[in-house]
Amino acid sequence: MDLLFLLIDDMFWAAIPAVGFAMVFNVPKQMLVYCAVAGAIGHGFRTLTMQFGLPIEWASLAATTLIGFIGLYWSRKHLIPRPVFTVAAAIPMIPGSYAFATMLGLVEMNSGGFTYQLLQTVIENGLKTLFILIALSFGLAIPSVLIYRGRPIV
Amino acid sequence: MTNLAGAVPLTKQQQTDITRIAIKAGQLLQQHGAESRLIEQTTTRLGVALGAQSIELAVSADALVLTSLFEGRCITTTRKVHDRGINMQMVCDVQRICVMAEKQLLRAADVNKKLDKLKPMKYNRWLVVLMIGLSCASFSHLFGGDWWAFAVTFVASATAMFVRQELAHRHHNPFINFAVTAFIATLISSFGVIYQLGNRPDLAMAACVLLLVPGFPLINAVSDMVKGHINMGIARWTAATLLTFSVAAGIFAAMGVTNVMGWLS
């Protein structure tokens, strides 16, 4: 029951940034609702799989693969390129805080001097950013890489 | 009237027109943030639909080079590509024109006219400010913050989005824009830490700058590299890294002013 509540809370609050960023990317109005649904499903699925102990990178890969396939269906149905839905849906999962922590660590290391603790911050956050990002965008690319293999989808 | 190859003969003028139309579509796609595979496929399909035998496109970070081939005759043209901001509605419209041309619903002149008529749609800026404020506030909630963190993040990131729009409207360099915006967002949210609002005021400082994450370029970068456009992928990745770095500089400057390290410590 707690898990269900956690999931609903998570999906609701992930749908809002998906729509917000979709508006920054000027996604057409009638497609915003798809961004919200895909964003909620993606983030919810990632939270769910992480509850079962999957590391965040693999959970991100699984979630964006799911978004990729959902986007594939919508894209064929509405004749619209897939990134229109899928990228906005993946935005709530982007490791923004890790990325900024990496860069801040670098700046701090220059101004305040080298410490092993800072080096640890930079490397750990940097690797997390890198691997989550690769997982996210590779997941979105899976339908076209595995199934379409170079043929146009729309 | 077909020749041996089964193609309708094209005059040199017609082939030139087709080349220009195809590269115009490619230019629009790249200016509004489409990934390289989509640019390549769309220009090729459009050119072939209008009668060329094949279209070869070279994509690079700031220019497109396109050659159309017909019966051993090549016509090549180059266009500079200026970034005009991500706009998915334009990408959808160009794609739709391409599909219509492929179904032979449009002739070359119609495609050209339609491409010229495309106008980027923009959402109402105050609506975007509101939604981005809510988005970053939702991030603070997802990180585990309470309603205080939510409120502080909302104010900080909505103000930051307003500043970002103002600077972008005046055509300031994006690196300067992102640094200034991050400075202001961090400055506002650090008041939450100074006055100890709520349980985790430091989360607001982390969440309020998330509107500046270059998510689209980063995702495009990796998907370009996965699909074989290594050059474009590296260019996009570098641009996104520089943007991230200028955001970090802005955050760092604000932390230096208020002497609140917030989420970094």
Side-chain angles (χ1 to χ4, degrees), chain A residues 9-10 12-29 31 43 47 64 78-88 90-92 94-97 99-108 111 121 129 133-138 140-141 144-145 150-154, chain B residues 32-35 37-38 41-42 45 85-92 95-96 99 120-123 127-128 130-139 141-143 161 182 206-207 209-213 215-216 218-223 226-227 241 244-245 247-249 251-252 255-256 263-264:
Chain A
D9 183 74
D10 188 86
F12 176 75
W13 292 105
I16 295 174
V19 175
F21 282 89
M23 287 172 77
V24 174
F25 305 147
N26 295 296
V27 170
K29 222 173 272 153
M31 297 296 142
H43 203 278
T47 310
T64 44
H78 297 280
L79 295 184
I80 274 180
R82 263 183 339 131
V84 174
F85 326 102
T86 54
V87 177
I91 288 284
I94 295 248
S97 292
F100 291 147
T102 312
M103 291 295 177
L104 279 171
L106 286 177
V107 179
E108 176 73 28
S111 65
T121 309
T129 314
L133 264 177
I134 291 175
L136 286 179
S137 23
F138 193 71
L140 293 185
S144 68
V145 170
R151 281 168 295 145
I153 291 180
V154 182
Chain B
H32 294 102
E35 61 170 323
R37 164 73 71 83
L38 189 66
Q41 277 177 353
T42 309
R45 287 165 62 187
I86 296 158
N87 195 319
M88 285 297 115
Q89 172 260 334
M90 289 294 276
V91 174
C92 290
Q95 172 84 13
R96 187 163 300 137
V99 171
M121 177 273 289
K122 286 252 160 48
Y123 281 100
L127 190 61
V128 174
L130 175 77
M131 282 308 292
I132 287 298
L134 279 179
S135 301
C136 290
S138 309
F139 283 131
H141 179 85
L142 286 174
F143 292 161
M161 192 63 203
V209 282
L210 289 180
L211 77 152
L212 297 167
V213 179
F216 217 106
L218 283 170
I219 288 185
N220 267 348
V222 179
S223 66
V226 169
K227 294 169 188 171
T241 308
T244 314
F245 190 78
V247 174
I251 298 174
F252 193 73
M255 285 176 170
W263 51 295
L264 192 61

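Every chain is numbered from 1 and lettered A, B, ... according to where its sequence line falls, protein lines coming before strand lines.
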Who passes side-chain hydrogen bond (donor to acceptor under 3.5 Å, both in side chains) against B/Gln89, sequence neighbours left out? B/Asp93

Do you know the tightest heavy-atom contact between B/Ser223 and A/Ser137? N-CB, 4.3 Å

Just to verify, which of B/Arg96, B/Glu35, B/Gln95 counts as forming a side chain to side chain contact (heavy atoms under 4.5 Å, CB included) with A/Pro81? B/Gln95

Looking at chain A, which one of B/Thr42, B/Asn220, B/Leu211, B/Val91 has the largest number of heavy-atom pairs inside 4.5 Å, strictly under? B/Leu211

Any idea which of A/His78, A/Met103, A/Arg151 has the most non-hydrogen atom pairs under 4.5 angstrom with chain B? A/Met103

Is it the backbone or the side chain of A/Val27 that comes under 4.5 Å from a heavy atom of chain B, or both, or neither? both

From B/Leu142 atom CG to A/His43 atom NE2, the distance as rounded to the nearest 0.5 Å: 5.0 Å

B/Phe245 versus chain A, the contacting section by heavy-atom distance below 4.5 Å: both

Report the option among B/Val226, B/Thr244, B/Val213 that has the most heavy-atom pairs separated by less than 4.5 Å from atoms of chain A. B/Thr244

Decide yes or no for B/His141 and A/Asp9: does some side-chain heavy atom of the first lie under 4.5 Å from some side-chain heavy atom of the second? yes

If I measure from the heavy atoms of chain B, does A/Thr102 come under 4.5 Å with its side chain, its backbone, both, or neither? neither

Contacting region of A/Thr47 [heavy-atom separation from chain B under 4.5 Å]: neither

Interchain contact, A/Pro92 with chain B, by part (heavy-atom threshold 4.5 Å): both

Name the option with the most non-hydrogen atom pairs under 4.5 Å to chain B; the candidates are A/Ala15, A/Ala22, A/Pro28. A/Pro28

Select, from B/Leu134, B/Leu127, B/Ile132, B/Val128, the one with the greatest count of heavy-atom pairs under 4.5 Å involving chain A. B/Ile132

Report which part of B/Thr241 has an atom under 4.5 Å of a heavy atom belonging to chain A: side chain, backbone, both, or neither. both

For the student: nearest non-hydrogen atoms of A/Ile91 and B/Phe216, plus distance: CD1-N, 4.4 Å

Do B/Leu210 and A/Ser97 come within less than 4.5 Å of each other through their side chains, counting heavy atoms only? yes

Using the ring of each side chain (for Trp, its six-membered ring), is A/Phe21 parallel, tilted or perpendicular to B/Phe139, with breaks at 30° and 60°? tilted

Atom NE2 in B/His32, atom CG in A/Asn26: separation rounded to 0.5 Å? 8.5 Å

Could you tell me the separation between the CE atom of B/Met121 and the NZ atom of A/Lys29, rounded to the nearest 0.5 Å? 6.5 Å

When rounded to the nearest 0.5 angstrom, what distance separates CZ in B/Arg37 from CD1 in A/Ile153? 8.5 Å

What I'd like to find out is whether the side chain of A/Val84 reaches to under 4.5 Å of the side chain of B/Cys92, using heavy atoms alone. yes

Do A/Val24 and B/Met161 come within less than 4.5 Å of each other through their side chains, counting heavy atoms only? yes

Contact class of A/Ile16 relative to chain B, heavy atoms under 4.5 angstrom: both

Sequence neighbours excluded, which residues qualify as side-chain hydrogen bond (donor to acceptor under 3.5 Å, both in side chains) partners of B/Arg45? B/Glu102

Partner chain B: residue of A/Thr86, A/Leu106, A/Leu133, A/Ile134 with the largest heavy-atom pair count (under 4.5 Å): A/Leu133

What part of B/Ile219 lies closer than 4.5 angstrom to a heavy atom of chain A: side chain, backbone, both or neither? both

Non-hydrogen atoms of chain A under 4.5 Å away: do they reach the side chain of B/Met90, the backbone, both or neither? neither

Atom OG of A/Ser144 and atom NZ of B/Lys227: how far apart are they, to the nearest 0.5 Å? 3.5 Å

